[in-house]
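Right, one structure below, let's go through it.
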Amino acid sequence: MSASVPPGGFAAPKGIPEYVGPEFTTVRDTLIREADRAGYAHIELPVFEDTALYARGVGESTDVVSKEMYSFDDRGGRSVTLRPEGTAGVVRSVIEHGLDKGGLPVKLRYDGPFFRYERPQAGRFRQLQQVGVEAIGVDDPALDAEVLAVADAGFRALGLRGYRLEITSLGDATTRPQYRTELTRFLEKLDLDEATRERARINPLRVLDDKRPEVRAQLDGAPLMVDHLSDEAAAHHAAVKRHLDDLGVAYVENPWMVRGLDYYTKTTFEFVHDGLGSQSGIGGGGRYDGLMAELGGQALSGVGFGLGVDRTLLACRVEEAGHDAAGRVEVFGVPLGDAAKDRLVGIVGALRRAGIRADLAYGNRGLKGAMKAADRSGARFALVLGDRDLEAGEIQLKDLADGSQAAIALDGAAAAVDRALQDG
RNA sequence: GUGGGUGUAGCUCAGUUGGCAGAGCACUGGGUUGUGAUCCCAGGUGUCGCGGGUUCAAGUCCCGUCACUCACCCCA
């Protein structure tokens, strides 16, 4: 087969954003930094797993599993799936390597790309980037609060203000079946379209967060999970809120909130930003009591979150937050002629070895063009070198912010530049 | 998966009843042969998303198709 360049040239696959420059990396790393401070160890996970892991872990009835997975057979005939979320993979790894046989909780953090085959729109991508944490093995409301505080700290570290944390409790296995029956009975009496009726049959809770006004209107007076909690779940929920108050984490209760993944119990939450259009969730998560056992491990509880890096970056742009004005380099070399360039190549190398970010004007540009490039690089200083300076054994150090310029000795120029940067 | 909008220069976009393909920004060079961010001058680039059709003539009208985009659904 002879591959050809498509009309209009090659393009990235549909729905996949690409990020050039430091903006993305800064947002991602800042979001998860607090997890490191709270003792969560980094775990690097496979980008694809056995399809059955997600079918069983995330839940067959979820849209994510039933119609959004990138699944395919590998060359050995095994069905594998590009990971649509992080928790199932973390839990699988914990079980496989017996991490839950040591001290509990097991605290892990991860970051990277996830994949869902959806129709792209603002803030919704087929390859999405997330950071996340999981704390497995201890069912303690204080741990729920810690996880929430770690996520909140990530958003705050970026300077974001226009978001809110919504929380609720999805209860536990002792009362959820009764509640579900009651809700189903309520939904059966409503006038709903076929697709929604089907959804009500498969997962009635999902109907509660329908956005359509004609559906919303009918949901008035629907039974809510928070009114049907077991004593233990209610106590857990109250304790989480108390801890959040102590930690100074602001939240609002949203008893209508539902999660799209089946494994959540008790504490459930979502971070919502109002400046992003339709896809307003910038992070979410909660506690999962049954997942470890469901995937063949001990019956241990866990709690975690996933934060959307793509959407958080959009939020930063909306709020004009999170950007650092740091230039591409700190020092930029401007050579006049070949002899000067020979010498500057060495000086730039010495600067880099000293840990200073440095670049120079390549391509034998004119002085004006080279200065322009220096300006554009964002450098604090330009190093201008010509024949006249070489003869005098000097090099011109120009401060690009105020335009001042001074000659410094060519020998040991790198060290002198280092000192100038420290002073500045 | 469903519905709406948009595809013209690297970017943002104009392009009239069908009649030579345009502007601003950006980029490169020069004004100023040793000085950037201001100013002035000059320069270049287009499969007008793609494929058909109508016409003497299509960026413009018709059909198809693809892509992007927004919303529903769903979710980070």
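Proteins get letters first, then strands, A, B, ... in listed order; numbering begins at 1 in each. Heavy atoms only: backbone and side chains are in, while hydrogens, waters and symmetry mates are out.
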Query - Closest-nucleotide ordering on RNA chain B, the 5'-leading residue of A:D375 and A:D389 - result: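 Taking each residue's closest nucleotide, the earlier one in sequence belongs to A:D389.
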
Query raised in the report: When you match A:K398 and A:G366 each to their closest nucleotide on RNA chain B, which lands nearer the 5' end?
Result: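 By nearest-heavy-atom nucleotide position, the 5'-most residue is A:G366.
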
Separation between the [atom1] atoms of [N] and [M], rounded to whole Å:
{"N": "B:C63", "M": "B:G4", "atom1": "P", "value": "14 Å"}
{"N": "B:U12", "M": "B:G1", "atom1": "P", "value": "27 Å"}
{"N": "B:U32", "M": "B:U38", "atom1": "C1'", "value": "14 Å"}
{"N": "B:C70", "M": "B:A57", "atom1": "C1'", "value": "37 Å"}
{"N": "B:G46", "M": "B:G59", "atom1": "C1'", "value": "12 Å"}
{"N": "B:G24", "M": "B:G64", "atom1": "C1'", "value": "35 Å"}
{"N": "B:C27", "M": "B:A9", "atom1": "C1'", "value": "12 Å"}
{"N": "B:C72", "M": "B:U8", "atom1": "P", "value": "26 Å"}

Partner of [N] by Watson-Crick or G-U wobble geometry, both contacts under 3.5 Å, or none?
{"N": "B:G34", "result": "none"}
{"N": "B:U2", "result": "B:A71"}
{"N": "B:C48", "result": "none"}
{"N": "B:U55", "result": "none"}

Requested in this report: Consider the side chain of A:R376, meaning its heavy atoms from C-beta on, and name the nucleotide among B:A37, B:G34, B:C27 that approaches it most closely.
Outcome: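 For A:R376, the side-chain atoms sit closest to B:C27.
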
Is there a donor and acceptor pair closer than 3.5 Å between the side chain of [X] and the base of [N]?
{"X": "A:K368", "N": "B:G31", "value": "yes"}
{"X": "A:D387", "N": "B:G34", "value": "no"}
{"X": "A:Q405", "N": "B:U35", "value": "yes"}

Query raised in the report: Quick one: is the NZ or CZ of A:R116 closer than 6.0 Å to the six-membered ring centre of A:Y70, and within 45° of its axis?
Result: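 Cation-pi check for A:R116 and A:Y70: fails.
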
Query - Reported CZ-to-CG distance for the pair A:R343 and A:D389, which is rounded to 0.5 angstrom - result: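 Between A:R343 CZ and A:D389 CG, I get 11.5 Å after rounding to 0.5 Å.
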
Say whether [X] and [Y], considering side chains only, have a donor N or O and an acceptor N or O under 3.5 Å apart.
{"X": "A:S301", "Y": "A:R287", "answer": "yes"}
{"X": "A:H243", "Y": "A:E146", "answer": "no"}
{"X": "A:H237", "Y": "A:E253", "answer": "yes"}

Length of the line joining [X]:[atom1] and [N]:[atom2], which is rounded to integer Å:
{"X": "A:F381", "N": "B:G36", "atom1": "CZ", "atom2": "P", "answer": "18 Å"}
{"X": "A:L367", "N": "B:U28", "atom1": "CG", "atom2": "C1'", "answer": "16 Å"}
{"X": "A:M371", "N": "B:A37", "atom1": "CE", "atom2": "P", "answer": "9 Å"}
{"X": "A:N364", "N": "B:U33", "atom1": "CG", "atom2": "P", "answer": "18 Å"}
{"X": "A:E198", "N": "B:G1", "atom1": "CD", "atom2": "C1'", "answer": "15 Å"}
{"X": "A:I16", "N": "B:C68", "atom1": "CD1", "atom2": "C1'", "answer": "15 Å"}

Query raised in the report: Quick one: are the ring centres of A:F155 and A:F271 less than 6.0 Å apart?
Result: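 Yes - the distance between ring centres of A:F155 and A:F271 falls below the 6.0 Å cut-off.
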
Requested in this report: For this output row, return yes or no: ring centroids of A:H228 and A:Y179 closer than 6.0 angstrom.
Outcome: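 Yes - the distance between ring centres of A:H228 and A:Y179 falls below the 6.0 Å cut-off.
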
Report summary line: Under a 4.0 Å heavy-atom criterion, the protein footprint on nucleotides 69-76 of chain B, written with B, S and -, is -SBBBBBB

Query raised in the report: So, are A:E166 and A:R164 salt-bridged, with charged N and O less than 4.0 Å apart?
Result: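 Here A:E166 pairs with A:R164 in a salt bridge, since their nearest N and O are under 4.0 Å apart.
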
Query - Residue A:F48 excluded, over 12 heavy atoms near CZ under 6.0 Å - result: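 No, because the 6.0 Å sphere around CZ of A:F48 holds 12 heavy atoms or fewer from other groups.
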
